[in-house]
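As structure tokens, the structure follows; a few thoughts come after it.
Position 1 is the first residue of the sequence, and the numbers go up from there.
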Amino acid sequence: MTLTVLAPVPGVVVALDEVPDPIFSDGMVGPGVAVDPPAGPTDGEIDAVAPIAGTVTSVHAHAFVITSNDPDHGQRAVLVHLGLDTVQLQGDGFALHVNQGDEVVAGQVLVSWDPNDVEASGRHAICPVIALEAFAEEVESVAEIGAMIDAGAPLFQLES
């Protein structure tokens, strides 16, 4: 069985090894891809959505983990990190819409935030989407690197 992982935000699909943070680009957290949200004065706040259905097993203003409850997929978990070094913002500019332990459906809004504010703070707004406790060969990209993608569109598949 394969688990389809959705793009949590709209933007340009970026290969994980192009993310300007070695923790992600070197695959230390796990395999995946990233989405670079659009920047510009008119874009403003965007919503980050659940990449898979399941339980919110960890949630912070700048990052969250969803673990699948589907018996066909086992306990697969996906991490979404909203921007780089955004933990330093201590939640400023992020509005959480869920709590740890909540059950969510794929595509459900979890966090609202403004990538422009992240960029204005001197940080990068790129969003790594990581398959936790997975091997690189278990991740197959669905979205083309360099292509624009909408939030909620298929990003990659995770073999279970």
Side-chain angles (χ1 to χ4, degrees), residues 4-54 56-67 77-100 102 104-134 136 139-158:
T4 299
V5 177
L6 308 180
V9 296
V12 176
V13 179
V14 177
L16 198 60
D17 62 1
E18 296 297 319
V19 172
D21 182 324
I23 296 295
F24 294 110
S25 63
D26 290 348
M28 289 185 224
V29 182
V33 295
V35 179
D36 198 3
T42 60
D43 293 320
E45 191 172 272
I46 64 172
D47 292 327
V49 303
I52 61 173
V56 179
T57 50
S58 179
V59 64
H60 302 278
H62 66 283
F64 52 86
V65 175
I66 309 296
T67 302
V78 176
L79 163 71
V80 174
H81 205 284
L82 302 174
L84 302 178
D85 299 322
T86 47
V87 66
Q88 298 166 353
L89 298 175
Q90 300 178 353
D92 289 344
F94 297 85
L96 286 171
H97 303 293
V98 294
N99 295 301
Q100 187 168 326
D102 287 355
V104 297
V105 296
Q108 180 178 334
V109 174
L110 304 182
V111 181
S112 298
W113 66 300
D114 189 337
N116 293 318
D117 288 347
V118 169
E119 294 277 348
S121 74
R123 294 161 181 82
H124 204 299
I126 196 167
C127 300
V129 183
I130 307 296
L132 297 176
E133 298 181 21
V139 174
E140 182 181 337
S141 186
V142 174
E144 185 177 330
I145 300 299
M148 286 293 296
I149 193 168
D150 293 326
L155 184 61
F156 64 83
Q157 289 185 331
L158 180 58

(request) Could I get the full list of ring pair (Phe, Tyr, Trp, His ring centres under 6.0 Å) partners for H60, not counting sequence neighbours? (result) H62
(message) Please check if the number of heavy atoms outside E133 that lie under 6.0 Å from its CD is greater than 12.
(response) no
(message) Please check: side-chain N/O of Q157 versus main-chain N/O of V142, any donor-acceptor pairing under 3.5 Å?
(response) no
(request) Quick one: list whatever passes side chain to side chain donor-acceptor pair (under 3.5 Å) with D47, sequence neighbours left out. (result) S112
(request) State, with a plain yes or no, whether a side-chain heavy atom of V56 is found less than 4.5 Å away from one of V65. (result) no
(request) Would you indicate whether the side-chain heavy atoms of L110 and I66 approach each other to under 4.5 Å? (result) yes
(request) Could you tell me whether the side chain of F94 reaches within less than 4.5 Å of the side chain of D117, counting heavy atoms only? (result) no
(request) Please tell me if the side chains of P37 and N116 come closer than 4.5 Å, counting only heavy atoms from C-beta onward. (result) no
(request) Please answer whether the main-chain N or O of D85 pairs with a side-chain N or O of R123 as donor and acceptor at a distance below 3.5 Å. (result) yes
(message) Quick check: do F24 and L79 have side-chain heavy atoms less than 4.5 Å from each other?
(response) yes
(message) If the test is side chain to side chain contact (heavy atoms under 4.5 Å, CB included), which one of V139, V29, I130 qualifies with L16?
(response) I130
(message) So does V105 get a backbone contact from the side chain of Q108, meaning a donor-acceptor N/O pair under 3.5 Å?
(response) yes
(message) Please identify which of these residues, L6, V129, T4, meets the side chain to side chain contact (heavy atoms under 4.5 Å, CB included) condition with L155.
(response) V129
(message) Are D36 and H124 packed together at the side-chain level, in the sense that at least one heavy-atom pair is separated by less than 4.5 angstrom?
(response) yes
(message) Could you check whether any side-chain N or O of D26 sits under 3.5 Å from a backbone N or O of M28, counting only pairs where one atom can act as donor and the other as acceptor?
(response) no
